[in-house]
Asker: 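To start, I am sharing the structure in question, which I have written as structure tokens.
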Amino acid sequence: MCGRTSCHLPKEVLARACAYRDRQGHQRLPEWRDPDRYCPSYNKSPRSSSPVLLSRLHLEKDADPSERIIAPMRWGLVPFWFREEDPAKLQINTSNCRSDTIMEKRSFKVPLVKGRRCVVLADGFYEWQRRQASNHRQPYFIYFPQIGAQQSEQVGAVSSPEDWDKIWDNWRPLTMAGIFDCWEPPAGGDCLYSYSIITVDSCRVMSDIHNRMPAILDGEEAVSKWLDFGEVSAQEALKLIGPTENIAFHPVSSVVNSSWNNTPECLFPLHLLAGKELKGSASSQKMLQWLATKSPKKEEPKTPQKAESDAPQWSSQFLQKSPVTPKRGSASLLERWLKRGQEEEPVAKRPHTQ
């Protein structure tokens with residue numbers, strides 16, 4: 001499943017990261033549609049608005065289908081047949097749809113057959129792993145492996161927060177297969193575009209964290225075919241999706257557990273937060289205080305060996321034997337980032353957007 005994502009990149013950076021070639025072979029950037037509706041966030045939950053890629057042909061008649069649009073859409077598909085005035089009254093959970101039953105449920109089958117396929121964009125997504133013999137659930141941030149000049153530029157291996165400036169400048173967004181629909185309010189008004197993320201069985205490296213994961217489209221060819229609803233049929237498109245081993249992950253703070261917390265600490269590698277007095281929103285400060293005062297005996301298994309076997313701490317690419325001590329002087333940068341996150345309205349408070 002997928003119930004929380006991060007997508008905090010500025011819209012210009014996100015567009016550059018989604019560069020593609022059209023049918024004539026020209027390098028292009030996708031054009032933003034309603035960019036003011038894009039709300040960057042480190043902690044997006046269902047019913048919030050997230051950016052998706054789709055073919056321009058969905059929005060403009062006679063457009064080149066190979067041209068792409070980025071448009072913010074509501075997470076949680078509202079089917080076209082829904083007759084209530086308030087989309088929040090929809091009684092079924094449509095934030096995810098299973099690949100093995102997508103053709104059995106009307107809410108998902110109709111958009112798929114109509115070719116309403118999209119690619120959901122994110123820095124990565126969060127998943128929680130329940131440790132054996134414990135009620136504690138460890139959150140992880142999961143994303144594409146990032147290509148950098150040095151191993152230290154990888155997210156899971158950074159030794160200090162200063163390295164993060166280098167990371168996000170050339171970040172490769174996670175591209176997840178989705179379907180969308182267009183709902184018109186019964187009393188009239190603007191159409192609401194909304195989407196659902198398709199999920200599949202987890203890959204081997206992630207199976208210890210959760211048994212389901214988003215259907216990740218790995219590479220330009222897979223993204224192009226998924227979006228090309230005119231040339232690639234629904235049945236052929238479904239063959240494109242499946243578990244991928246090309247992912248990386250690292251443990252993060254339990255601050256991310258609450259969708260009210262929208263600060264960089266949500267996706268910081270856990271070892272970078274050790275010993276830091278971070279200043280976030282009021283709710284995140286409470287969470288950090290709780291983490292600092294929580295008895296280790298309640299959080300950790302009795303033996304170190306047990307803790308290591310319960311959950312992977314790093315992906316194989318970022319395996320570390322011991323946490324890296326953050327460099328001195330990094331607190332000021334953290335405070336600036338957290339101050340910036342503090343100025344953004346929490347996702348849960350924002351009104352629903354199209």
Asker: Would you give the length of the straight line joining atom OG of Ser202 to atom CD of Glu127, rounded to the nearest 0.5 angstrom?
Answerer: 7.5 Å

Asker: Not counting sequence neighbours, list each pair that qualifies as a side-chain hydrogen bond (donor to acceptor under 3.5 Å, both in side chains) and has a residue in residues 98-107.
Answerer: Arg98-Asp100

Asker: Is a donor on one side and an acceptor on the other found under 3.5 Å between the side chain of Asn43 and the backbone of Asn262?
Answerer: no

Asker: Taking side chain as C-beta onward, heavy atoms only, is Ser253 less than 4.5 Å from Cys266?
Answerer: no

Asker: Would you please name every residue forming a side chain to side chain contact (heavy atoms under 4.5 Å, CB included) with Pro46, sequence neighbours left out?
Answerer: Trp75, Ser95

Asker: Taking side chain as C-beta onward, heavy atoms only, is Leu77 less than 4.5 Å from Pro79?
Answerer: yes

Asker: Counting the benzene-type ring for Trp, do Trp32 and Tyr38 have ring centres under 6.0 Å apart?
Answerer: yes

Asker: For the residue pair Val119 and Leu227, establish whether any side-chain heavy-atom pair is separated by less than 4.5 Å.
Answerer: yes

Asker: Donor-acceptor pair, Arg137 side chain versus Ser254 backbone, under 3.5 Å?
Answerer: no

Asker: Between Phe141 and Ser6, is the side chain to side chain contact (heavy atoms under 4.5 Å, CB included) condition met? List the steps.
Answerer: CA-CA 9 Å; Phe141 181 55; Ser6 171; 4.1 Å; yes

Asker: Look at the side-chain heavy atoms of Ile, Leu, Val, Met, Phe, Trp and Tyr, link any pair under 4.5 Å apart, and say whether Leu238 and Val232 land in one connected group.
Answerer: no

Asker: Is Pro214 close to Asn96 at the side-chain level, that is, under 4.5 Å between some pair of heavy atoms?
Answerer: no

Asker: Grab the two heavy atoms, one from Gly178 and one from Trp226, that are nearest each other, plus how far apart they are.
Answerer: O-NE1, 3.3 Å

Asker: Flag this pair as yes if the NZ/CZ of Lys89 is under 6.0 angstrom from the six-membered ring centre of Phe82 and inside a 45 degree cone about the axis; otherwise no.
Answerer: no

Asker: Within this structure, what is the CZ-OH distance for the pair Phe268 and Tyr42, rounded to the nearest 0.5 Å?
Answerer: 8.0 Å

Asker: Which heavy-atom pair separates Val200 from Pro243 by the least distance, and what is that distance?
Answerer: CG2-N, 3.8 Å

Asker: I'd like to check the side-chain hydrogen bond (donor to acceptor under 3.5 Å, both in side chains) partners of Thr5; sequence neighbours left out, ordered by chain and number.
Answerer: none

Asker: For Ser49, is there any backbone N or O sitting under 3.5 Å from a side-chain donor or acceptor partner on Lys44?
Answerer: yes

Asker: Quick check: do Glu84 and Leu90 have side-chain heavy atoms less than 4.5 Å from each other?
Answerer: no

Asker: Check Ile241 against Ala215 and note the closest heavy-atom contact, atom names and distance.
Answerer: CB-CB, 3.7 Å

Asker: Any side-chain to backbone donor/acceptor pair from Ser196 onto Thr94? Under 3.5 Å, distance only.
Answerer: yes

Asker: Between Arg212 and Thr199, does a side chain to side chain donor-acceptor pair (under 3.5 Å) hold up when you go through it step by step?
Answerer: CA-CA 7 Å; Arg212 301 288 296 178; Thr199 64; 3.1 Å; yes

Asker: In terms of side-chain geometry, is the basic nitrogen of Arg33 or Glu67 positioned less than 4.0 Å from the acidic oxygen of its partner?
Answerer: no

Asker: Should Ile69 and Leu59 be marked as a side chain to side chain contact (heavy atoms under 4.5 Å, CB included) after you check the CA-CA gap, both sets of side-chain angles, and the distance that decides it?
Answerer: CA-CA 9 Å; Ile69 295 289; Leu59 304 179; 4.0 Å; yes

Asker: For Cys18 and Leu121, what are the C-alpha separation, side-chain angles and deciding distance, and is it a side chain to side chain contact (heavy atoms under 4.5 Å, CB included)?
Answerer: CA-CA 9 Å; Cys18 295; Leu121 303 173; 3.7 Å; yes

Asker: Looking at Tyr20, I'd like to know if the NZ or CZ of Arg68 sits under 6.0 Å from its six-membered ring centre while staying within 45 degrees of the ring's axis.
Answerer: yes

Asker: Return yes if some donor-acceptor pair links the side-chain N/O of Ser55 with the main-chain N/O of Asp228 below 3.5 Å, else return no.
Answerer: no

Asker: Less than 4.5 Å apart, side chain to side chain, heavy atoms only: is that true for Arg83 and Pro186?
Answerer: yes

Asker: Let me check something: do Val13 and Leu29 share a hydrophobic cluster, defined by ILVMFWY side-chain heavy atoms less than 4.5 Å apart, either directly or through other members?
Answerer: no

Asker: Please check if the side chain of Asp123 supplies one atom and the backbone of His8 the other of a donor-acceptor pair under 3.5 Å.
Answerer: yes

Asker: Return yes if some donor-acceptor pair links the side-chain N/O of Trp183 with the main-chain N/O of Tyr193 below 3.5 Å, else return no.
Answerer: no

Asker: Using a 3.5 Å distance criterion without hydrogens, assess whether the side chain of Glu85 forms a donor-acceptor pair with backbone atoms of Ala187.
Answerer: yes

Asker: If hydrophobic residues (ILVMFWY) are linked whenever their side-chain heavy atoms come closer than 4.5 Å, directly or via other members, who joins Leu57 in its cluster?
Answerer: Phe229

Asker: Say whether, by atom type as modelled, one donor and one acceptor occur between the side chain of Gln138 and the main chain of Val252 under 3.5 angstrom.
Answerer: yes

Asker: Please report the interatomic distance SG(Cys182) to CZ(Arg116), rounded to the nearest 0.5 Å.
Answerer: 6.0 Å

Asker: Answer yes or no: is there an ion pair linking Lys225 with Glu221, defined by an N-O contact shorter than 4.0 Å?
Answerer: yes

Asker: Quick one about Glu265 and Thr263 (side-chain donor to acceptor, distance below 3.5 Å, no hydrogens or angles considered), yes or no?
Answerer: yes

Asker: Check whether any side-chain heavy atom of Met73 sits under 4.5 Å from a side-chain heavy atom of Leu54, and report yes or no.
Answerer: yes

Asker: Report the C-alpha separation of Arg204 and Glu245 in whole Å, then their side-chain angles, then the decisive distance to 0.1 Å, and conclude whether the side chain to side chain contact (heavy atoms under 4.5 Å, CB included) test is met.
Answerer: CA-CA 7 Å; Arg204 178 185 55 81; Glu245 301 286 342; 3.3 Å; yes

Asker: If you look at every heavy atom in Thr244 and Met213, which pair is closest and at what distance?
Answerer: O-CE, 4.1 Å

Asker: How long is the gap from CZ on Phe108 to CD1 on Ile179, to the nearest 0.5 Å?
Answerer: 6.0 Å

Asker: Any luck finding a side-chain donor-acceptor pair between Trp128 and Asn257 under 3.5 Å?
Answerer: yes

Asker: Do the charged groups of Arg172 and Asp218 touch, with an N to O distance under 4.0 Å?
Answerer: yes

Asker: Can you give me the closest heavy-atom contact between Arg74 and Leu192, atom names plus distance?
Answerer: CD-CD2, 3.9 Å

Asker: I'd like to know whether the aromatic ring centres of His210 and Tyr140 sit less than 6.0 Å apart in this structure.
Answerer: no

Asker: For Ser50, give me all partners under side-chain hydrogen bond (donor to acceptor under 3.5 Å, both in side chains), at least two apart in sequence or on another chain.
Answerer: Tyr195

Asker: Can you name the side-chain hydrogen bond (donor to acceptor under 3.5 Å, both in side chains) partners of Glu31, sequence neighbours left out?
Answerer: Arg56

Asker: Using modelled atom types only, decide if a donor and an acceptor are shared between the side chain of His250 and the backbone of Leu267 within a distance under 3.5 Å.
Answerer: yes

Asker: Between Asp64 and Ser66, is any side-chain donor less than 3.5 angstrom from a side-chain acceptor?
Answerer: yes

Asker: What I'd like to find out is whether the side chain of Glu231 reaches to under 4.5 Å of the side chain of Pro65, using heavy atoms alone.
Answerer: no

Asker: Grab the two heavy atoms, one from Ile102 and one from Ile198, that are nearest each other, plus how far apart they are.
Answerer: CD1-CD1, 4.0 Å

Asker: Would Trp171 and Phe144 satisfy ring pair (Phe, Tyr, Trp, His ring centres under 6.0 Å), going step by step from the backbone distance to the final call?
Answerer: CA-CA 9 Å; Trp171 186 259; Phe144 270 139; 9.4 Å; no

Asker: Give a yes or no on whether Glu184 atom CD has more than 12 heavy-atom contacts from other residues, nucleotides or ligands under 6.0 Å away.
Answerer: no

Asker: CD1/Ile216 to SG/Cys203 distance, rounded to the nearest 0.5 angstrom?
Answerer: 7.5 Å

Asker: How long is the straight-line distance from CZ of Phe180 back to NZ of Lys114, given to the nearest 0.5 Å?
Answerer: 10.5 Å

